[in-house]
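What you are looking at is a predicted structure, and each value in this text was computed from that prediction instead of being measured. Note that these values count all heavy atoms, side chains included, but never hydrogens, waters or copies made by symmetry. Order of the sequence lines fixes the chain letters, A, B, ..., with proteins taken first and strands second; residue numbering starts at 1 for each chain.
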Number of protein chains: 2
Amino acid sequence: MKILITSGGTREKIDEVRSIANHASGSLGKLIAEKFLTHGHEVTLVTTKSAVKPNKHAKLSLIEITDVSSLIQTLKPLVKSHDLFIHSMAVSDYTPVYMTDLDEAKQAKDLTKLLMKENQEQKISSAAEYQVLFLKKTPKVISLVKQWNPQIRLIGFKLLVGVPKDELFAAATKSLINNQADYILANDLSEITADTHHAFLLNQNERYEAFTKPEIAQLIYEKGVEHD
Amino acid sequence: MKILITSGGTREKIDEVRSIANHASGSLGKLIAEKFLTHGHEVTLVTTKSAVKPNKHAKLSLIEITDVSSLIQTLKPLVKSHDLFIHSMAVSDYTPVYMTDLDEAKQAKDLTKLLMKENQEQKISSAAEYQVLFLKKTPKVISLVKQWNPQIRLIGFKLLVGVPKDELFAAATKSLINNQADYILANDLSEITADTHHAFLLNQNERYEAFTKPEIAQLIYEKGVEHD
């Protein structure tokens, strides 16, 4: 099987020196990639510069991306040429539009007008005491996957922070349906430590529990190749 | 001599999953640390998780920090106990105060009032099409150094992007005077590539030029130990 995996976190530039980043070490994606490689599968890992990565392997292709726009460009052809897509990357849901000082924002009669503006500076001045940054939603990458390739098997991820299990399951199920995913890995940041990682791999009929990253990788491997 | 070096870039949390990061690989700070270690000095390197680091060395202490607040807490006692401080870290100049959707910002009669608010969510909702993030200036770490220890030798860094040399030198000289630095390493991001790094080490009487990271490390070493 040809397996496509994403790991790490995207970052969206504010200017040439600052960006908004999503925290993600890439360590779970690395383990998942290694699991599939161990079992003889071909793996394409789309990741980021700062993410931890598997060692070189004859059946592993590594591709580095930075922001959501480069992620989409990279994934589109890959989704069409792979059998299973495991989307563990933490993708930025907002991207900077315009940053200005509080005074300009206060003087604007309609804040919406500032959304048409663009910073011309390569490094935005840090003179003002307060700055206002306007952000726009990014395209939801996971929602594009089945449009690009209706045949691909899709395992998505849903990470929330400090919520009741019902809320986590509801959010995961919503993502499952909206994105026509085959499974969603549902997890809560408050249940992730250096050694433990509590998670549920679920679809509408099944729900499997894991307590560590290796257990998650094992579960995803088993369910990912199941109908192959 | 006891040498204190900072490297990498700080990141300021927006919530538990997002942050504003300053781009910095830590590679120049690593080279500077190695240069001083090679010459038998004791080095304390204050850096970040994602920065590249020197190999273990009997005379090297590594300390990891995350944001400006943890940087200041960490540096204060260290500045007092070291002879030379080389502050190559890219420090965030703004930290998030409050993030909300565009509607709440538009409805606010006075945007200043939103600066009193705080996000209660651990992961801010990504439902709205547009978000507005309010940011506040962080304390200037370099301005505190000589207050903490008037005897320490201080080499600061000034990075601009795509500016004329006059402007770069003026900004560096301003930092030199305002922060009572002994030297400022002035550089322009548009003149930094994978293999080259154009920079000037200057004070009010001298100006030395370097074209690569090893040359910069050599210059900083020579001028750093000069009056020892």
Exercise. Select one option (side chain, backbone, both, neither) describing which atoms of A/Ala127 are under 4.5 Å from chain B's heavy atoms.
Key: backbone
Practice problem: Give, as side chain, backbone, both or neither, the part of B/Tyr130 having an atom under 4.5 angstrom from any heavy atom of chain A. | Solution: both
Quiz item: Knowing that exactly one of A/Tyr208, A/Phe169, A/Tyr183, A/Phe157 qualifies, which makes a ring pair (Phe, Tyr, Trp, His ring centres under 6.0 Å) with A/Phe200?
Solution: A/Phe169
Quiz prompt | Heavy-atom contact with chain A under 4.5 Å, split by part of B/Ala128 | solution = both
Practice problem: Identify whether the distance between the nearest side-chain nitrogen and carboxylate oxygen of B/Asp93 and A/Arg18 falls below 4.0 Å. | Solution: yes
Self-check item: Salt bridge flag under 4.0 Å for residues A/Asp101 and B/Lys137
Solution: no
Exercise. Please answer whether the main-chain N or O of A/His197 pairs with a side-chain N or O of A/Glu215 as donor and acceptor at a distance below 3.5 Å.
Key: no
Quiz prompt | chain B contact via A/Ile20 - side chain, backbone, both or neither, heavy atoms under 4.5 Å | solution = both
Quiz item: Quick one: what part of B/Asp15 sits under 4.5 Å from any heavy atom of chain A, side chain, backbone, both or neither?
Solution: backbone
Quiz item: Is it the backbone or the side chain of A/Phe134 that comes under 4.5 Å from a heavy atom of chain B, or both, or neither?
Solution: both
Quiz item: Please walk me through it: do B/Lys13 and B/Asp67 pass side chain to side chain contact (heavy atoms under 4.5 Å, CB included)?
Solution: CA-CA 8 Å; B/Lys13 275 191 178 183; B/Asp67 59 9; over 6 Å; no
Exercise. Look at B/Glu12 together with B/Lys136 and state whether they make a salt bridge at an N to O cut-off of under 4.0 Å.
Key: no
Quiz item: Out of A/Leu102, A/Leu115, A/Leu160, which one racks up the most heavy-atom pairs below 4.5 Å with chain B?
Solution: A/Leu115
Self-check item: Side chain to side chain, A/Glu121 and A/Glu16, heavy atoms closer than 4.5 Å
Solution: no
Quiz prompt | Part of A/Asn22 within contact of chain B (heavy atom distance under 4.5 Å) | solution = both
Quiz prompt | Per-residue contact mode, B/Ala90 against chain A (heavy atom under 4.5 angstrom) | solution = neither
Quiz item: Between A/Lys123, A/Glu129, A/Lys49, A/Lys106, which residue shows the highest count of heavy-atom pairs closer than 4.5 Å to chain B?
Solution: A/Glu129
Quiz item: Considering only heavy atoms, which portion of A/Leu159 lies under 4.5 Å from any heavy atom of chain B: side chain, backbone, both, or neither?
Solution: both
Quiz item: Looking at CD of A/Gln131 and OG of A/Ser125, how far apart are the two atoms once the value is rounded to the nearest 0.5 Å?
Solution: 7.0 Å
Practice problem: Tell me, for B/Thr100 versus chain A, whether the close heavy atoms (under 4.5 Å) come from the side chain, the backbone, both or neither. | Solution: neither
Quiz item: Taking all atoms of both residues into account, what is the closest heavy-atom pair of B/Ser7 and B/Gly29, and its distance?
Solution: CB-CA, 3.8 Å
Quiz item: Among A/Leu135, A/Asp110, A/Val132, who wins on heavy-atom pairs under 4.5 Å with chain B?
Solution: A/Leu135
